[in-house]
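Below is one structure; the comments refer to it alone.
Note that the structure is a prediction, hence the values are computed from the model and not measured. In what follows, every chain begins at residue 1, and chains take the letters A, B, ... in the order their sequences are listed.
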Amino acid sequence: MRVRDASSFRDPSGYVFYEGSRVFRHIDSSALDSFLAYEQSGLKDCLESVGRVVKAGPVVEAGSGYVTEVEKVHPIVYPYEWGFSQYKAAALLTLDIAERALERGLILKDASAYNVQFRENQPVFIDLLSFEPYKEGQPWQAYGQFCRHFLAPLALASKVDIRLLTLSRQHIDGIPLDLAAALLPHSSKVNGGLLTHIHLHAKATHKVTAPQRNSIPKLTLLALIDSLRRTVQHLSWKPQGIWANYYDETNYDNEAAESKRRIVDTQLSELTGCATCLDLGANDGSYSKIARERGLGCTLCDGDYGALESAFASGIGVAVFTDLANPSPSQGWSGVERLSFFQRLKCDVVLALALLHHLRIGNNTPLRMIAEMLAELGPNLIIEFVPKDDSQVQRMLSSRDDIFADYTEAGFQEAFAQSFEFVRSDRISRSTRSVHLLKRR
Amino acid sequence: MLDLINPIALTAYIDSGTGSLFLQAVLGGLLTGGYVIRTRWSQIRSWLSKRPDTSN
């Protein structure tokens, strides 16, 4: 059955639809010439050969238009779930493609951040109908969109606070430039790129209302792209936060850490027919790496931007910023344009190592509700239980009343037994912690 | 009335924004100047580095 992608409605050139696990792009008759220009200009081969765009098959006539099958990317991760380096990589990819398109007589007609996804830590462009023949003198129509979708969030994260990356969740068509300009410090005006592309741009957006007819040479468009690239390249963010050094601060000694690795590997080896793994609280991806070595495609989730940088740099899988207490909802047009975390991130195996105490004690979530949430994400679960006598839990309880009478290994097993069947349990050497393999009932 | 509307903007499915178009036109010259100098400078450096060594 054909299912049209709920977010694919703005561009009249075509839309994405699914048939089972396959992905197709419908091309409207009016846009066929543009798509053929993308193929015939050599841009398609050029970008596909370096993995910069999803691959597209032959174009076939289908009813009122044309259809091409495109390479599937999994999982779909939205810009408000990216870390700083991911955002930056996506921005630079978009500019790189815009430049290459111009060099081949095409222009990138939009610059939406949603047109970029990730394969491990490599950004890939997914909107193959974003190209059209360049007409001499035309401006870059996507300039404003690029600044709202990429430059504004990166500048705010770099110059104000990394947590402002989630502002894109509220502003799904990019952060308004007047808002970005108001939030940025005055010192950002010293940066020529930010002065031009954010501050002056914001003023021009509000003050210039007369139609603009100026012809703009191609060289100017290349200069504009070059200026944006240099501005993005100079934006930086240094990971901070306790999670950036989590493994240095943990109470494991080397033997316990090695024991935990062996247990996770053994439990993964008992699973058959699994292809995908979702690591919740992945940190630097140390345990995702074991799943990866067993051939699983990994998604590394973390709620700390410092940890996310490590996860992204590891290249083990796709990094996703996730606050499990408030994961991305379904939102946008009719509330379904952008799908929720739970609709997109389902997998075969969930890793929840050193996570449970954060949800139970850190967020007051009852164990039964945590079990139900994890069961929704996948049929297999590898979960670590960290008892109350563990120094990490003691630290969490040091500034609050212990209202968690059920937080014992027996209480954990009783609560999770409603959603899962316990397959095996292993105790970590030289530690009171244990790791459990569970199958969803 | 249609004549008042930029014919290029009519082909775009996203709103280019008059401010964005204005900025491209106004600042384009400055950016282009810097871009050309930088591009040529790298060409000069490249040319210099390829000159045969005549010190011997």
Any donor-acceptor pair under 3.5 Å from B:Gln24 side chain to A:Trp140 backbone:
yes
Supply the atom-to-atom distance [X] [atom1] to [Y] [atom2], rounded to the nearest 0.5 angstrom.
| X | Y | atom1 | atom2 | value |
| --- | --- | --- | --- | --- |
| B:Thr32 | A:Lys218 | OG1 | NZ | 14.0 Å |
| B:Tyr35 | A:Ile225 | OH | CD1 | 8.5 Å |
| A:Gln138 | B:Leu21 | CD | CG | 10.5 Å |
| A:Leu177 | B:Ser20 | CG | OG | 7.0 Å |
| B:Leu27 | A:Leu224 | CG | CG | 9.0 Å |

Chain B interface, residue from A:Asp110, A:Thr196, A:Leu221, A:Asp173 that has the most non-hydrogen pairs under 4.5 Å
A:Asp110
Structural part of B:Val26 lying under 4.5 Å from a heavy atom of chain A
neither
Nearest heavy-atom neighbours spanning A:His197 and B:Leu31
CE1-CD1, 4.3 Å
Does any non-hydrogen side-chain atom of B:Asp15 lie less than 4.5 Å from one of A:Gln141?
no
